[in-house]
There are 2 protein chains.
Amino acid sequence: MSPFENLISPSTGFTRDIAALTAAGSTTANEARTKLSTKARILHATESLFLQRGYEGTSLRAITTEANVNLAAVNYHYGSKEELFALLLQERLDPLNADRAKRLEALQAKGFDREHRVEQIIATLFLPALALARDTDQGGPDFLRFIGRAYADPSDFVRNLLAERYAKTNLKFKQAFAEALPHLSEHDLAMRLNFILDAVSSTLASEDVRRVIGGIQPSAVNDDTTLLAYLAPFLGAALRANVRTAAQIAALQTL
Amino acid sequence: MSPFENLISPSTGFTRDIAALTAAGSTTANEARTKLSTKARILHATESLFLQRGYEGTSLRAITTEANVNLAAVNYHYGSKEELFALLLQERLDPLNADRAKRLEALQAKGFDREHRVEQIIATLFLPALALARDTDQGGPDFLRFIGRAYADPSDFVRNLLAERYAKTNLKFKQAFAEALPHLSEHDLAMRLNFILDAVSSTLASEDVRRVIGGIQPSAVNDDTTLLAYLAPFLGAALRANVRTAAQIAALQTL
DNA sequence: GAAAAAATCAAACAATTGTTTTAATCAACC
DNA sequence: GGTTGATTAAAACAATTGTTTGATTTTTTC
C-alpha cells in the first residue's frame with residue numbers, strides 16, 4: 001500500500017473501530033485497541049498523546065511505544081509526522097466545521113431572533129463541538145479537549161493547517177458577527193473575536209473541562225446546553241460591550 | 001566568577017545598558033549592543049528570541065549566534081538554559097507583579113468606586129504592564145509582547161515558574177474580584193478569570209499589538225489609557241455577565 | 001502451495017538539542 | 001612582568017528528534 005493512500009481517502013471514522021470491538025465481546029477499550037490494525041493503533045495513540053502534549057511535544061517514538069508498534073510503521077503508513085497529524089486533524093475537525101457552516105446557513109435562512117442575535121451566532125459556533133463531544137462515534141468526551149489543543153497549538157504547522165483549511169467557514173462567522181454588531185469597527189470586531197476564540201480554546205484545552213461542566217449546574221438539561229448557558233452570556237457580553245472613551249477609563253485610577 | 005552569581009543578585013536593569021550606550025555616542029542600538037559584555041548580550045538575545053519563538057522554540061545556538069557569542073558562554077555565565085530563562089523572566093516580571101500588588105493595596109486602602117469596582121481592579125491589573133511598556137529603562141515597547149509570551153508559553157518550565165513565583169499576587173487579585181462579584185460562585189469566577197487572562201495573554205503575544213494600539217483611537221490621551229479603554233469594558237462585561245439558565249439557551253437554537 | 005505484495009522489524013542515519021571538556025586568550029594584581 | 005584567575009574558543013559528548021534502509025515475516029493472490 002502506498003504510504004499516501006490515506007491522504008486520498010482520509011475518512012475512516014476511526015473511533016468506530018473501538019466501539020465495534022468493545023461491543024463484540026472484548027472487555028475493555030484497551031484490549032480492543034490491541035486488536036486494531038497497526039495503522040489504526042497509530043492514529044489512536046497519536047490522538048491520545050496530542051491531547052496531552054500538543055504537536056511538538058509528541059514524538060514519533062512516544063506514539064509507537066503507546067501504540068505497541070514499530071517506529072518505522074509511522075512513516076510507512078502515513079509518510080511523515082506532518083501527514084499523520086494533518087490526517088488526524090482533518091478527520092476530527094472537518095465534520096466540526098462542516099456542521100458549523102450548515103447550522104449557520106440554516107440560522108440565516110430562518111432569520112435571527114432580534115434580541116439574542118449575538119448569542120445565537122455564538123451558540124451556532126459552539127454547539128456543533130458539544131454535539132460531537134457527546135457522539136462516541138464521532139468524537140467522544142475528549143473531543144472538547146482535542147479542539148482546544150488544536151486551536152491553541154503554538155506550532156506553525158498546526159496553525160497554518162487550521163487557518164488555510166477552515167478560512168471560508170471562519171470568514172462566514174466573522175461576517176455574521178459583523179452584521180449583528182454594527183457598532184464595532186472591523187478592527188474592534190477582529191480583536192474581540194480573537195479574544196473569545198483564544199479564551200475558549202485554551203479553556204477547552206485545559207484538563208478539567210469535564211469537571212467544570214459537571215460542576216456548574218447539576219440539574220441542567222444536558223451537558224451541551226449547560227456549558228453553553230455558561231459561555232454564551234459571558235461571551236455575548238464581551239462582544240457587545242461598548243467602547244469607553246479614554247477619559248472615562250483614566251478616571252478609574254490615577255496613573 | 002561563579003556561574004550562579006546572577007541568581008543571588010539578579011537585578012541588573014539590563015535595558016539601561018543599551019540606553020546608556022546609545023546616549024553616549026553610538027548611533028544605533030545594534031551597534032551599542034555589540035559593545036555590551038558577553039553576558040549582557042546573551043540576555044538581550046534571549047529576550048529577543050523568546051519574544052519571537054517562546055521557550056522551547058529558542059535554542060541556545062540561536063541565542064549565541066544572535067548575540068555573537070560562543071556557545072559555551074551560556075552555560076558558563078548562566079549555568080543552564082533554564083537558569084538563563086528564569087533570570088530573564090524574573091528580571092522582567094518581578095517589577096510588574098510588585099507594582100500590581102502595590103497598586104491593588106493602594107486602591108483597597110482608598111476605597112473603590114461603587115459603580116466601577118470591577119473595571120478598577122482590571123485597570124489595576126493591567127496598568128502596570130502598560131506603564132512599564134512605556135518606560136524604556138524597564139521594559140520598552142516590546143514589553144507587552146514579552147508578558148504575553150510568558151503567560152501563554154506552553155512549556156512546563158515557564159508555567160511552573162510563573163505559577164509559583166506570583167501565586168500570592170494572583171491570589172490577592174482573585175479575592176478582590178470575588179468581593180466585587182459576589183453573585184459568581186468560586187467556580188464561576190475562577191473560570192471567567194482564566195478566560196480573560198488567557199485571552200489577554202495571547203492577544204498581547206501576537207505580533208501586531210502595537211498596530212492594534214495605534215489603530216484604535218488616534219486622538220487618545222496616551223497609549224496606556226487607550227488600550228485600557230479598549231479592554232476594560234470588554235473584560236468587565238464578560239466578568240459581570242449573569243449566568244443564564246440552560247432553558248434560556250436551549251431556546252436560542254434547536255438542537 | 002508457490003509467487004507476489006504488503007507489513008513488520010532492528011538498525012542505522014542525519015540533524016538538532018543542552019551540556020561538558022580542554023586548551024587558548026585575556027585581564028588584573030603584586 | 002610573570003602569575004593567577006576570569007573569560008573565550010573549538011570541539012566533542014550524550015541524548016533526542018524524524019527519517020530511511022534492508023532484511024525478514026506475514027498476508028494476499030492465483
Side-chain angles (χ1 to χ4, degrees), chain A residues 1-9 12 33-46 49-50 52-88 153-158 161, chain B residues 1-9 12 33-46 49-50 52-88 153-158 161:
Chain A
M1 178 195 291
S2 154
F4 301 99
E5 189 204 355
N6 295 85
L7 295 179
I8 298 164
S9 58
T12 65
R33 216 167 273 128
T34 65
K35 297 182 182 176
L36 292 178
S37 70
T38 297
K39 196 171 164 181
R41 288 209 307 277
I42 291 173
L43 206 53
H44 285 297
T46 304
L49 291 172
F50 176 73
Q52 302 171 36
R53 333 200 103 269
Y55 176 74
E56 302 224 343
T58 303
S59 70
L60 293 188
R61 280 167 181 80
I63 291 172
T64 55
T65 300
E66 168 88 8
N68 259 304
V69 149
N70 187 274
L71 172 62
V74 172
N75 293 280
Y76 176 77
H77 284 289
Y78 293 99
S80 69
K81 181 184 180 182
E82 290 201 350
E83 287 170 290
L84 167 63
F85 276 81
L87 189 72
L88 173 68
D153 197 285
S155 73
D156 288 344
F157 166 68
V158 174
L161 180 77
Chain B
M1 178 194 293
S2 154
F4 301 98
E5 190 203 354
N6 295 85
L7 294 180
I8 297 163
S9 58
T12 66
R33 216 167 273 127
T34 66
K35 297 182 181 176
L36 293 178
S37 70
T38 297
K39 195 171 168 181
R41 288 210 307 278
I42 291 174
L43 207 52
H44 283 110
T46 304
L49 292 172
F50 176 74
Q52 302 171 37
R53 335 199 100 272
Y55 175 74
E56 303 224 344
T58 302
S59 70
L60 293 189
R61 281 166 181 80
I63 290 172
T64 54
T65 300
E66 168 90 5
N68 259 306
V69 151
N70 187 273
L71 172 62
V74 171
N75 293 281
Y76 175 76
H77 284 288
Y78 293 98
S80 68
K81 181 183 179 181
E82 290 201 351
E83 288 171 289
L84 167 63
F85 277 80
L87 188 71
L88 173 68
D153 197 284
S155 74
D156 289 344
F157 166 69
V158 175
L161 181 76

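Side chains are part of it too, since the values below use all heavy atoms of this structure and drop only hydrogens, waters and symmetry mates. Order of the sequence lines sets the chain letters (A, B, ...), proteins ahead of strands, with each chain counted from 1.
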Whole angstrom value for the distance that separates [atom2] of [N] from [atom1] of [X]:
| X | N | atom1 | atom2 | answer |
| --- | --- | --- | --- | --- |
| B/Arg53 | C/dT17 | CZ | P | 10 Å |
| B/Leu71 | C/dT22 | CG | P | 17 Å |
| A/Tyr78 | C/dA7 | OH | C1' | 14 Å |
| B/Asn75 | D/dT8 | CG | C1' | 14 Å |
| A/His77 | D/dT26 | NE2 | C1' | 12 Å |
| A/Arg41 | C/dC9 | CZ | P | 8 Å |
| B/Tyr76 | C/dC26 | OH | P | 15 Å |
| B/Leu84 | C/dT19 | CG | C1' | 14 Å |

*From B/Glu56 CD over to B/Thr58 OG1, what is the distance, rounded to the nearest 0.5 angstrom?*
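That separation rounds to 10.0 Å.
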Heavy-atom pair of closest approach, residues [X] and [Y]:
| X | Y | value |
| --- | --- | --- |
| B/Ser155 | B/Tyr55 | OG-CD2, 3.6 Å |
| A/His77 | A/Ile42 | CD2-CD1, 4.5 Å |
| A/Leu88 | A/Thr46 | CD2-CG2, 3.8 Å |
| A/Arg41 | A/Val69 | NH2-CG2, 3.4 Å |
| B/Val74 | B/Leu60 | CG1-CD2, 3.9 Å |
| B/Thr64 | B/Asn70 | CG2-O, 3.6 Å |

Checking contacts here: which listed nucleotide ([options]) is nearest the side-chain heavy atoms of [X]?
| X | options | result |
| --- | --- | --- |
| B/Asn70 | C/dC9, C/dT20, D/dA9 | D/dA9 |
| A/Ala72 | D/dT21, C/dT21, C/dT19 | D/dT21 |
| B/Thr38 | C/dA12, C/dG18, D/dT8 | D/dT8 |

*Tell me which residues in residues 56-64 of chain B put a heavy atom below 4.0 Å from DNA chain D, sorted by number, or none.*
B/Arg61
*Please test A/Leu84 against A/Leu43 for side chain to side chain contact (heavy atoms under 4.5 Å, CB included), starting from the C-alpha separation and ending with a verdict.*
CA-CA 8 Å; A/Leu84 167 63; A/Leu43 206 53; 3.8 Å; yes
*Name the nucleic acid region contacted by A/Ala73, choosing base, sugar-phosphate or nothing; use a 4.0 angstrom heavy-atom cut-off, strictly under.*
nothing
_Paired stretches of DNA chain C - 3 or more consecutive Watson-Crick or G-U pairs, each distance under 3.5 Å_ =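 Detected stem regions: C:1-13 with D:18-30, C:18-30 with D:1-13.
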*asked:* Are A/Phe85 and A/Phe157, when compared by the centres of their aromatic rings, separated by less than 6.0 Å?
replied: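 Ring centroids of A/Phe85 and A/Phe157 are no less than 6.0 Å from each other.
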